[in-house]
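I have placed the structure first, in the form of structure tokens, so that the comments after it can refer back to it.
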Number of protein chains: 2
Amino acid sequence: MPVEDRREALVAAALAVVERDGLGGASARAVVAEAGMPLGALHYAFPSLDHLLAATLDAVTDQERLAAEAPISAGVDGGLEATLAAGLDAYVSLLVARPARELAYLELMLHASRDRLDLPPAPGRYERSYAVVAALLEEAAAATGHRWAAPPLTLARHAVAMLDGITTTWLADHDEPAARATVRFLAASLAAQSTKED
Amino acid sequence: MPVEDRREALVAAALAVVERDGLGGASARAVVAEAGMPLGALHYAFPSLDHLLAATLDAVTDQERLAAEAPISAGVDGGLEATLAAGLDAYVSLLVARPARELAYLELMLHASRDRLDLPPAPGRYERSYAVVAALLEEAAAATGHRWAAPPLTLARHAVAMLDGITTTWLADHDEPAARATVRFLAASLAAQSTKED
DNA sequence: GCACCAGTTGGACGATCGTCCAAGTCCGTC
DNA sequence: GACGGACTTGGACGATCGTCCAACTGGTGC
């Protein structure tokens with residue numbers, strides 16, 4: 001098995017373990033067992049367990065988050081606010097249906113952010129996420145004949161931040177109606193930053 | 001030393017350790033060392049390490065979060081939006097100045113939320129936080145002659161969610177100007193949910 | 001002064017941790 | 001078939017983990 005394939009398999013296994021048992025349960029032995037590999041394979045593919053967890057965060061940021069954010073402006077007939085609300089509501093449904101994935105993402109992200117607390121800004125990891133959401137916002141505006149009054153990239157960051165907050169808050173209290181209400185608040189707030197095209 | 005005092009001291013020590021070394025570094029030995037107690041004292045005061053960490057989460061939710069949210073509507077001359085923006089901006093300053101505290105809070109919260117993933121909603125833990133923010137919102141509205149068009153408790157939940165999101169996002173990218181921009185977005189969005197009193 | 005007990009302690013236990021590395025396996029080449 | 005080297009393996013290592021409990025402490029009541 002090529003080293004690259006082995007790395008990918010280990011990343012997938014690490015994500016599965018973190019989802020099931022949490023970051024604390026993601027030991028070297030648990031991950032290689034999940035991947036069906038011998039113990040030594042981990043340090044053959046990665047310098048350390050922490051390197052594997054960092055790679056896992058990158059993977060989940062690139063793939064899973066974008067998949068979660070993809071429906072944000074899914075096509076819905078109606079105004080801009082309704083379009084945004086429907087797409088954002090789909091994220092809540094995804095969160096409620098599979099909370100372990102979002103929980104794993106947050107645990108990995110906080111773990112990685114700890115040893116950069118006193119370091120200069122780490123650009124990049126979120127940039128792709130912002131860009132994707134910004135593109136979706138532009139798409140939604142175009143489809144409903146609106147124009148954004150603020151830079152879509154800026155609005156995208158607001159949206160991503162709020163989705164993160166909705167996630168942590170729902171994880172804390174499991175209040176789904178409240179989460180959906182917050183999503184509608186976000187849709188209205190975003191729509192307020194647009195003007196109807198003439 | 002009374003058992004209650006011992007518990008409080010252990011909670012304070014646990015919080016200090018999680019801030020410094022993360023949840024993964026919060027072992028029984030690390031906590032009792034921080035508290036200057038012998039190892040056995042932990043299981044004398046708490047049934048297990050996890051019970052101590054849960055108590056630590058309760059303490060940080062009650063005390064520290066409320067302290068962080070207190071300045072949300074600190075008195076500022078100007079309209080409602082400016083008042084809210086100034087108070088929320090103070091939270092960002094606190095976050096940037098002491099990120100370890102917020103990071104510790106989130107780590108403890110996610111840890112506690114994991115073993116309730118398939119359980120019915122756990123009411124209560126956040127309720128006090130929402131109530132305090134709601135009171136601050138009402139205070140700000142009254143001071144500037146506004147009336148909330150939506151229930152303050154609902155708006156408070158939106159605000160708390162967004163502050164959580166601002167925290168995770170800033171921890172990920174350390175983009176302080178962006179965090180402050182999101183705070184202004186939140187202030188404007190909240191203010192839009194009010195009407196000027198006659 | 002002695003017995004007693006609630007409170008306190010730190011060593012012991014078995015399990016598990018991340019990492020390393022000597023030994024083993026496999027396949028292409030002479 | 002014999003050799004060589006790259007790849008793969010799982011046991012070994014020392015450290016640390018959460019928990020338990022037998023021993024010790026200090027003060028109180030007789």
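Chain letters run A, B, ... following the sequence lines, proteins first and then strands; every chain starts at 1. From a predicted model like this one, the values you see are computed outputs, not experimental measurements.
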message = Which residues pass the side-chain hydrogen bond (donor to acceptor under 3.5 Å, both in side chains) test with Ser189(B), not counting sequence neighbours?
response = Ser189(A)
query = Taking only residues two or more places apart in sequence, or in another chain, which ones meet Ala150(A) in a side chain to side chain contact (heavy atoms under 4.5 Å, CB included)?
reply = Leu155(A), Gln193(A)
request  = Please round to 10 degrees the angle between the axis of the first five pairs and the axis of the last five pairs in the helix from dG1(C)-dC30(D) to dC30(C)-dG1(D).
outcome  = 30°
For a quick test of your reading: what N or O donor-acceptor pairs under 3.5 Å do the side chains of residues 130-138 of chain A make, sequence neighbours left out?
from, atom 1, to, atom 2, distance (Å)
Tyr130(A), OH, Asp173(B), OD2, 3.1

remark   = Across all chains, not counting sequence neighbours, the salt bridge (Lys or Arg N to Asp or Glu O under 4.0 Å) partners of Arg180(A) are Asp89(A), Glu176(A)
request  = Please determine if Glu107(A) and Arg114(B) form a salt bridge, counting it only when a charged side-chain N lies under 4.0 Å from a carboxylate O.
outcome  = yes
inquiry  = Filter on ring-ring contact (aromatic ring centres under 6.0 Å, His included), then keep only pairs touching residues 149-169 of chain A, sequence neighbours left out; what's left?
reply    = His158(A)-Phe185(B)
key: Nucleic acid footprint by protein, nucleotides 17-26 of chain C - heavy-atom cut-off 4.0 Å, B for base, S for sugar-phosphate alone   = BBB-------
key: Partner set under salt bridge (Lys or Arg N to Asp or Glu O under 4.0 Å) for Asp62(A), not counting sequence neighbours   = Arg128(A)
inquiry  = Between Arg6(A) and dC7(D), is there a contact of a side-chain N or O with OP1 or OP2 at under 4.0 Å?
reply    = no
Distance-only criterion, 3.5 Å: show the donor-acceptor pairs between side-chain atoms of residues 11-22 of chain A and protein atoms not counting sequence neighbours.
from, atom 1, to, atom 2, distance (Å)
Glu19(A), OE2, Arg101(A), NE, 2.5
Glu19(A), OE2, Arg101(A), NH2, 2.7
Arg20(A), NH2, Glu34(A), OE1, 2.3

